[in-house]
Amino acid sequence: MQRLDASLSARVYPKPSALFELLKPITWFPPMWAFLCGAVSAGVTLADHWLLILAGMFLAGPLVCGGSQIVNDWFDRHVDELNEPARPIPSGRVPGEWGFYFAIFWSVLALAYSTFFGTTVLYATSLGVLLAWAYSAPPVRLKRNGWYGNSAVALAYEGLAWITGAAVMLGGTIPGTPIIVLAIAYSAGAHGIMTLNDFKSVQGDLRVGLRSLPAMYGPERAARLACWTMTAAQLVVIACLWTWDLPLAALGVLAVLVLQVFAMLRLLRDPKGLAPWYNATGVTLYVLGMMISASALHSDLG
């Protein structure tokens, strides 16, 4: 153990595997899925643009989302020393200031890469990168408050990724109003998903002064807020789809919402214990509704 500690303290350069670990690939799915929904909603033939879709998903997932994970780990390094000392930065596998430099490099890389897709995508990416830094870095550090922090993550992971996907498929132009409305609505609902993710760290948040919604209001009240947020957002989507003369899609989203309500009723019996179960069931239904909505716009616009 002493030899291992000496090896870590003497390390000057991080191993590539440790840097890759900072990107947290498991977190890439939500923005990549939202990007795909945006691409589908644009109404173009996807089979003719599959390479472009993959290139855009690389922007939404590994670059923008991965970069946000690096930033968060750097500015949480002192907390992680207490709670998760095996992570790359507190463990010394990413020594010195390398985590900070890597965060800057990856943010610049994401911005540079986004320029290949046009001005709209560059603006969306710039906002996403800005939100990532504002979420974690002082003095702003939006994550200190669950209302602001969760809003920033939901907008970046869902809304901006959706709009980026549509913009990429439309040659870099600004998507139409229906696409933007759906992106914003599903972003609002994702605030509830972010709240459920906070249940796993309530005690740690209380110790370090982070005011997540479960920490501020308790698990039961926070769970109710999350459920109402997700439900209200999807009711807006259903109303919009019906207004846009897409009744089958509206009924499809209504069907997955009804199934979510049954899952929510079970969640509310034990919010803290059942939050992981709901993330595997109710959230899956939520993202299924996203694709139903996107596919409906695809058919209508195509």
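These numbers were taken from a predicted model, which means no experiment stands behind them.
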A.B. asks: Does R221 use its side chain to pair, donor to acceptor, with the backbone of M216 at less than 3.5 Å?
C.D. replies: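 The answer is no, because no donor-acceptor pair under 3.5 Å joins these two groups.
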
A.B. asks: Measure up the W162 and Y186 rings against each other and bin them: parallel (under 30°), tilted (30 to 60°), perpendicular (over 60°).
C.D. replies: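 Because their plane-to-plane angle is under 30°, the rings of W162 and Y186 count as parallel.
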
A.B. asks: Could you go through the side chain to side chain contact (heavy atoms under 4.5 Å, CB included) check for E21 and V94 one step at a time?
C.D. replies: CA-CA 10 Å; E21 189 177 338; V94 177; over 6 Å; no

A.B. asks: Would L130 end up clustered with L109 when hydrophobic side chains under 4.5 Å apart are linked, directly or stepwise?
C.D. replies: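 Shared cluster, no.
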
A.B. asks: Run the numbers on M264 and W228 for side chain to side chain contact (heavy atoms under 4.5 Å, CB included), then give the verdict.
C.D. replies: CA-CA 10 Å; M264 289 173 184; W228 278 112; over 6 Å; no

A.B. asks: Quick check: are there more than 12 heavy atoms from other residues, nucleotides or ligands sitting under 6.0 Å from CD1 of I26?
C.D. replies: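 No.
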
A.B. asks: Please determine which of W28, Y113, F117, F35 meets the ring-ring contact (aromatic ring centres under 6.0 Å, His included) test together with F58.
C.D. replies: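 Exactly one option meets the ring-ring contact (aromatic ring centres under 6.0 Å, His included) with F58, and it is Y113.
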
A.B. asks: Looking at F102 versus W98, is the centre-to-centre ring distance below 6.0 Å?
C.D. replies: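 No.
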
A.B. asks: Decide whether I174 and F116 are clustered together by the hydrophobic rule: side chain heavy atoms of Ile, Leu, Val, Met, Phe, Trp, Tyr closer than 4.5 Å, transitively.
C.D. replies: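 In one cluster: no.
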
A.B. asks: In Å and rounded to the nearest 0.5 Å, what is the CG to CG distance from L127 to L160?
C.D. replies: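 Nearest 0.5 Å value for the CG-CG distance: 5.0 Å.
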
A.B. asks: Taking all atoms of both residues into account, what is the closest heavy-atom pair of L59 and A110, and its distance?
C.D. replies: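 Taking L59 first and A110 second, the nearest heavy atoms are CD1-O, 3.7 Å.
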
A.B. asks: Given P175, which of L170, L297, V181 fulfils the side-chain contact (heavy atoms from CB on, under 4.5 Å) condition?
C.D. replies: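 Option passing the side-chain contact (heavy atoms from CB on, under 4.5 Å) with P175: L170.
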
A.B. asks: Within the distance-only criterion (no hydrogens, no angle test), does the side chain of Q260 pair as donor or acceptor with the backbone N or O of V256 below 3.5 angstrom?
C.D. replies: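 Looks like yes, one N/O pair under 3.5 Å.
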
A.B. asks: So which atom in P271 and which in A223 form the shortest heavy-atom distance, rounded to 0.1 Å?
C.D. replies: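 Smallest heavy-atom distance, with atoms named: CB-CB, 3.6 Å.
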
A.B. asks: Identify the heavy atoms of A222 and Y217 that sit nearest to each other, and give their distance.
C.D. replies: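 Scanning both residues, the minimum pair turns out to be N-CB, 4.4 Å.
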
A.B. asks: Are more than 12 heavy atoms, taken from residues, nucleotides or ligands other than I180, located less than 6.0 Å from that residue's CD1 atom?
C.D. replies: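 For I180, atom CD1 is crowded (more than 12 foreign heavy atoms under 6.0 Å).
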
A.B. asks: Say you draw a straight line from NE2 of H49 to CG of L54; how long is it, rounded to the nearest 0.5 Å?
C.D. replies: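 Result: 13.0 Å between the selected atoms.
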
A.B. asks: A side-chain contact here means heavy atoms from C-beta on lying under 4.5 Å apart; do P214 and T195 qualify?
C.D. replies: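 Contact flag for P214/T195 side chains = yes.
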
A.B. asks: Shortest non-hydrogen contact from L254 to I238?
C.D. replies: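 What the structure gives for the nearest pair is CA-CD1, 3.6 Å.
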
A.B. asks: Out of L288, L285, L241, which residue meets the side-chain contact (heavy atoms from CB on, under 4.5 Å) rule with V253?
C.D. replies: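 Among L288, L285, L241, the one meeting side-chain contact (heavy atoms from CB on, under 4.5 Å) with V253 is L241.
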
A.B. asks: Looking only at heavy atoms, which two atoms of Y135 and V153 are closest? And how far apart?
C.D. replies: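 So the two residues come closest at CE1-CG2, 3.6 Å.
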
A.B. asks: Should we count CZ of F262 as having more than 12 external heavy atoms under 6.0 Å?
C.D. replies: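 Counting other residues, nucleotides and ligands, CZ of F262 stays at 12 neighbours or fewer.
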
A.B. asks: With a 4.5 Å cut-off on side-chain heavy atoms, are V129 and V71 touching?
C.D. replies: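 Sidechains of V129 and V71: no contact.
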
A.B. asks: Considering all heavy atoms of both residues, which atom of M290 and which atom of E158 are nearest to each other, and what is their separation?
C.D. replies: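 Of all heavy-atom pairs spanning M290 and E158, the closest is CE-OE1, 3.1 Å.
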
A.B. asks: In this structure, are over 12 heavy atoms from other groups packed under 6.0 Å from Y148 atom OH?
C.D. replies: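 No.
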
A.B. asks: W33 side chain to V287 main-chain N or O, any donor-acceptor pair under 3.5 Å?
C.D. replies: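 Here the side-chain-to-backbone pair exists.
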
A.B. asks: Take I104 and W133, measure what side chain to side chain contact (heavy atoms under 4.5 Å, CB included) needs, and give me the verdict at the end.
C.D. replies: CA-CA 10 Å; I104 293 175; W133 283 84; 3.9 Å; yes

A.B. asks: What distance separates L213 CG from N145 CG, expressed to the nearest 0.5 Å?
C.D. replies: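 With rounding to 0.5 Å, CG (L213) is 7.5 Å from CG (N145).
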
A.B. asks: Roughly how far apart are I89 CD1 and L19 CG, rounded to 0.5 Å?
C.D. replies: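 Answer for the CD1-CG pair, I89 versus L19, is 9.0 Å.
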
A.B. asks: Is the shortest side-chain heavy-atom distance between N150 and D198 below 4.5 Å?
C.D. replies: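 In short, these two side chains touch, coming nearer than 4.5 Å.
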
A.B. asks: Is there side-chain contact between W244 and P178, with heavy atoms separated by less than 4.5 Å?
C.D. replies: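 Of all side-chain heavy-atom pairs linking P178 with W244, at least one is under 4.5 Å.
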
A.B. asks: Quick one: list whatever passes salt bridge (Lys or Arg N to Asp or Glu O under 4.0 Å) with E81, sequence neighbours left out.
C.D. replies: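 Result, salt bridge (Lys or Arg N to Asp or Glu O under 4.0 Å) vs E81: none returned.
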
A.B. asks: Test of understanding: clusters of I, L, V, M, F, W, Y form through side-chain heavy atoms closer than 4.5 Å, transitively. Do L268 and M230 belong to the same one?
C.D. replies: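 No.
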
A.B. asks: Quick one: do D76 and R141 make a salt bridge, cutoff under 4.0 Å?
C.D. replies: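 Yes, charged N to carboxylate O under 4.0 Å.
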
A.B. asks: Near Y123 OH, under 6.0 Å, is it more than 12 heavy atoms from other residues, nucleotides or ligands?
C.D. replies: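 Open: at most 12 neighbouring heavy atoms sit under 6.0 Å from OH of Y123.
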
A.B. asks: Would a distance-only check, ignoring hydrogens and angles, find a side-chain to backbone donor-acceptor pair under 3.5 Å from T120 to G172?
C.D. replies: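 Yes.
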
A.B. asks: Please walk me through it: do L111 and T115 pass side chain to side chain contact (heavy atoms under 4.5 Å, CB included)?
C.D. replies: CA-CA 7 Å; L111 293 171; T115 61; over 6 Å; no

A.B. asks: Quick check for you: to the nearest 0.5 Å, what is the distance between L196 atom CG and H191 atom NE2?
C.D. replies: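 Between atom CG of L196 and atom NE2 of H191 there are 11.0 Å.
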
A.B. asks: Any heavy-atom pair between the side chains of P62 and L23 that's under 4.5 Å?
C.D. replies: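 A side-chain contact under 4.5 Å is absent here.
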
A.B. asks: As an exercise, state the distance from OG1 of T231 to OH of Y286, rounded to the nearest 0.5 Å.
C.D. replies: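 Answer for the OG1-OH pair, T231 versus Y286, is 10.0 Å.
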
A.B. asks: Got M194 and T229 here, is their nearest side-chain heavy-atom distance under 4.5 Å?
C.D. replies: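 They are not in side-chain contact.
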
A.B. asks: Mark yes or no for whether S295, through its side chain, and I292, through its backbone, hold a donor-acceptor pair below 3.5 Å.
C.D. replies: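 Pair absent, no side-chain N/O of S295 close to backbone of I292.
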
A.B. asks: Check whether any side-chain N or O of R269 sits under 3.5 Å from a backbone N or O of R266 as a donor-acceptor pair, and report yes or no.
C.D. replies: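 No; zero donor-acceptor contacts below 3.5 Å.
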
A.B. asks: Is L248 reachable from V236 through a run of I, L, V, M, F, W or Y residues, each pair having side-chain heavy atoms under 4.5 Å apart?
C.D. replies: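 No, no single cluster joins them.
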
A.B. asks: Near W277 CH2, under 6.0 Å, is it more than 12 heavy atoms from other residues, nucleotides or ligands?
C.D. replies: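 Yes, CH2 of W277 has more than 12 neighbouring heavy atoms, counting only those of other groups under 6.0 Å.
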
A.B. asks: Under a 3.5 Å distance rule, please check whether Y157 uses its side chain to pair with a backbone N or O of A34 as donor and acceptor.
C.D. replies: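 No: the side chain of Y157 does not pair with the backbone of A34.
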
A.B. asks: Going by salt bridge (charged side-chain N to carboxylate O under 4.0 Å, His left out), name the pairs with one or both residues in residues 22-37, residues two or more places apart or in two chains.
C.D. replies: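 Residue pairs passing salt bridge (charged side-chain N to carboxylate O under 4.0 Å, His left out), neighbours aside: K24-D73.
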
A.B. asks: Could you tell me if the side chain of S41 sits less than 4.5 Å from the side chain of L182, heavy atoms only?
C.D. replies: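 Heavy-atom side-chain distance check fails, nothing below 4.5 Å.
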
A.B. asks: Is I53 close to M169 at the side-chain level, that is, under 4.5 Å between some pair of heavy atoms?
C.D. replies: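 Yes, close enough: below the 4.5 Å cut-off.
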
A.B. asks: Are M291 and V168 connected, step by step, through hydrophobic side chains (Ile, Leu, Val, Met, Phe, Trp, Tyr) whose heavy atoms are closer than 4.5 Å?
C.D. replies: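 Yes, M291 connects to V168 through the hydrophobic network.
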
